[in-house]
Amino acid sequence: MARLLWPLVRVLLLLEVAAAVNFLHHRYEEMVQALFSVQNECPYITRIYSVGRSVEGRHLYVLEFSDYPGIHEPLEPEFKYVGNMHGNEVLGRELLLQLSEFLCEEYRRGNERVTHLIHDTRIHIMPSMNPDGYEVAAKQGPDSIGYLTGRNNANGVDLNRNFPDLNTFMYYNGEISGPNHHIPLPDNWKSQVEPETLAVIQWISNYNFVLSANLHGGAVVANYPYDKSQDQRFRSHRRTVNTPTPDDKLFQKLAKTYSYAHGWMHRGWNCGDYFADGITNGASWYSLSKGMQDFNYLYTNCFEITLELSCNKFPPEEDLERQWMANREALVAFIEEIHQGIKGMVSDENNNGIAGAVISVQGISHDVTSGDMGDYFRLLLPGTYTVTASAEGYQPQTVTTTVGPAAPSLVHFQLKQDVVRKLPERKTSGTRTNNKALQKKVVPRATHRGTQR
């Protein structure tokens, strides 16, 4: 009997929470107030910080959920949601505010699922990457909104076409057997990006994010990399060329997790388009250059997908509750996807963590690196894999491991110093500090550790 009643009790509890949420559009000041309200309600598991400012000086605020806010715990993965990248695509902004209040309230209620999620994951929520554009769109209101009004930032730039184009380097590297991961930025990249883009790049450089989604509007589909086709096509050539990453099957699984947990995304027919299972490879839909999704995959350890969540870019307030109910389970389920594959510590013979160690999986030509404390996270589908950890100045270590369908497998590496390679260094420095600095150079990065998307 208890088993039969539990689903009904769970629905009633969630409905009670939903009734307490304010289903309204939030201007910038109201959004900030909502974030600080959540932080005030759950001060021991939340932290608010700003990653930078917009062109007009508005903060790009992030609300963090963790059992130790502000601290990276070894072996605890970092997750992020980014909303409102296009200022006139507002549903993601409102959903992330709802999600923030939901996580806080459910944690206070003792919801085991939410409690485990917050204790085992460091969650970062940015409701608005483009607060200036939102204010332009909001002034017109949802009834008279122009299709593109407020889409760009205050300088008139589309932020999802403003990241350094690493795809071109990656496609060239493929022709010369070069890397397609942790591609270094061009020397002049800072002069080519907007303040909001710069802030986000610095943000994702300073946090070892593992999984992410950015929330858009204008369609209903879960979109995964690559967004840019190797064959340069334009958006007028719809459904052009499928351009998969080396992690294509994993990305499809991640996208399906959201679409099938969503109220109707998985049905395929939405907004006049059809996408099987409610998912699509970005380039097979239309080619997009300099997007944030591909940039995450090619520059960092983060696997990001793009979620198109509503046909109406600026839905009326009376539709917000229905949209929240359709997306609530999907938003939580997608965060839980971070707990799969393998994770572990890379250390030296004295158990000191090695930052910047490269984790390679045989048969998948995309590596990840360990963070500042030596911990790494590699999302993988269930199966048996041959994994190698390597770092400059150390002998590589290779192991075979099996990944199950549930929690990630713990795979630790302890690397021995490569004596032959270390001898020349002792002639010039002879210090342990300099050797550590050399280890961090293993990854050539600036900082180590419409339906238009």
Side-chain angles (χ1 to χ4, degrees), residues 18 21-28 30-31 34 81-100 102 126-153 158-161 213-223 235 238 255 258-275 277-280 282 285-286 288 291-293 305-331 334 450-453:
V21 174
N22 187 13
F23 291 102
L24 300 171
H25 287 295
H26 294 75
R27 300 290 286 265
Y28 176 74
E30 296 162 340
M31 179 192 75
Y81 273 131
V82 178
N84 201 208
M85 186 180 196
H86 291 144
N88 64 330
E89 298 173 11
V90 306
L91 179 60
R93 175 188 178 113
E94 299 304 328
L95 291 177
L96 293 183
L97 292 177
Q98 302 290 344
L99 176 65
S100 299
F102 174 79
M126 179 188 285
S128 180
M129 182 180 165
N130 186 5
D132 297 350
Y134 176 88
E135 293 302 309
V136 173
K139 286 179 182 178
Q140 295 200 20
D143 296 329
S144 60
I145 194 72
Y147 191 72
L148 297 177
T149 302
R151 173 185 176 88
N152 299 335
N153 75 344
D158 185 332
L159 297 179
N160 207 29
R161 310 290 191 281
N214 69 85
L215 282 55
H216 288 248
V220 179
V221 64
N223 175 100
R235 184 171 176 254
R238 298 295 292 271
Y258 198 95
S259 70
Y260 275 89
H262 186 276
W264 51 82
M265 184 182 289
H266 59 279
R267 297 174 187 170
W269 283 109
N270 290 292
C271 315
D273 281 317
Y274 177 75
F275 300 100
D277 296 312
I279 69 172
T280 184
W285 185 10
Y286 62 90
L288 184 162
M292 184 166 69
Q293 173 176 270
I305 68 171
T306 301
L307 299 171
E308 301 279 353
L309 298 177
S310 61
C311 303
N312 190 337
K313 290 174 178 277
F314 205 123
E317 288 182 343
E318 54 267 26
D319 193 37
L320 294 180
E321 183 172 1
R322 181 181 74 97
Q323 293 286 354
W324 164 241
M325 299 303 288
N327 283 275
R328 182 186 59 211
E329 171 61 24
L331 287 166
F334 186 73
T451 58
Q452 293 188 39
R453 291 163 272 155

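Owing to the predicted nature of the structure, the values given are computational and were not obtained by experimental measurement. FYI, side chains are in, hydrogens and waters are out, and symmetry mates aren't considered; it's all heavy atoms of this structure.
- When ring centroids are compared, F102 and W324 come within the 6.0 Å threshold.
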*Could you go through the side-chain contact (heavy atoms from CB on, under 4.5 Å) check for W285 and V221 one step at a time?*
CA-CA 11 Å; W285 185 10; V221 64; 3.9 Å; yes
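- The CG atom of N312 sits 9.0 Å away from atom CD of Q323, with the distance rounded to the nearest 0.5 Å.
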*Please assess W269 against F275 for the test side-chain contact (heavy atoms from CB on, under 4.5 Å), listing each intermediate value before the final yes or no.*
CA-CA 7 Å; W269 283 109; F275 300 100; over 6 Å; no
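- With no hydrogens or angles considered, no side-chain donor-acceptor pair links N88 and T149 at under 3.5 Å.
- Between L95 and L309, the closest side-chain pair of non-hydrogen atoms falls below 4.5 Å.
- Summarising the geometry of A222 relative to L307, their closest heavy-atom pair is CB-CD2, 3.9 Å, with the distance given to 0.1 Å.
- Residues G83 and L96 approach most closely at N-CD1, 3.6 Å, considering heavy atoms.
- Under the side chain to side chain donor-acceptor pair (under 3.5 Å) criterion, N84 pairs with R93, S128, not counting sequence neighbours.
- Here the side chains of F334 and E329 are not in contact, with every heavy-atom distance at 4.5 Å or above.
- Contact detail for S310 and L91: the closest heavy-atom pair is CB-CD2, 3.6 Å.
- For V90 against P315, the heavy-atom pair with the smallest separation is CG2-CD, 3.9 Å.
- A donor-acceptor pair is defined here as one N or O able to donate and one able to accept, closer than 3.5 Å; no such pair exists between the side chain of E89 and the backbone of K313.
- Shown here are the side chain to side chain donor-acceptor pair (under 3.5 Å) partners of N270, two or more places apart in sequence or in another chain: there are none.
- With values rounded to the nearest 0.5 angstrom, N160 atom CG is found 3.5 Å from M85 atom CE.
- Nearest heavy atom pair, residue L97 against residue P127, reads CD2-CG, 4.0 Å.
- Under the 4.5 Å side-chain criterion, counting only non-hydrogen atoms from C-beta, Y134 is in contact with H25.
- Closest of all the heavy-atom pairs between C311 and V220 is N-CG2, 4.0 Å.
- Every residue two or more places apart in sequence or in another chain that forms a salt bridge (Lys or Arg N to Asp or Glu O under 4.0 Å) with R27 is listed here: E135.
- Judged as a side chain to side chain donor-acceptor pair (under 3.5 Å), and not counting sequence neighbours, H266 has no contacts.
- Interatomic distance, I305 CD1 to N214 CG, rounded to the nearest 0.5 Å: 9.0 Å.
- Between H86 and H216, the ring planes lie perpendicular to each other; the angle is over 60°, past the 30° to 60° tilted range.
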Less than 3.5 Å apart, which donor and acceptor atoms pair up between the side chains of residues 258-265 and the rest of the protein, not counting sequence neighbours?
{"unit_1": "Y258", "atom_1": "OH", "unit_2": "N327", "atom_2": "OD1", "d": "2.8"}
{"unit_1": "S259", "atom_1": "OG", "unit_2": "K256", "atom_2": "O", "d": "3.3"}
{"unit_1": "S259", "atom_1": "OG", "unit_2": "D277", "atom_2": "O", "d": "2.8"}
{"unit_1": "Y260", "atom_1": "OH", "unit_2": "D277", "atom_2": "OD1", "d": "2.4"}
{"unit_1": "H262", "atom_1": "ND1", "unit_2": "W264", "atom_2": "N", "d": "3.0"}
{"unit_1": "H262", "atom_1": "ND1", "unit_2": "M265", "atom_2": "N", "d": "3.0"}
{"unit_1": "H262", "atom_1": "NE2", "unit_2": "N327", "atom_2": "OD1", "d": "3.4"}

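- Taking S100 as the reference, V38, L63, F65, I125 meet the side-chain contact (heavy atoms from CB on, under 4.5 Å) condition, with sequence neighbours excluded.
- The CG atom of L215 lies 9.0 Å from the OG1 atom of T306; values are rounded to the nearest 0.5 Å.
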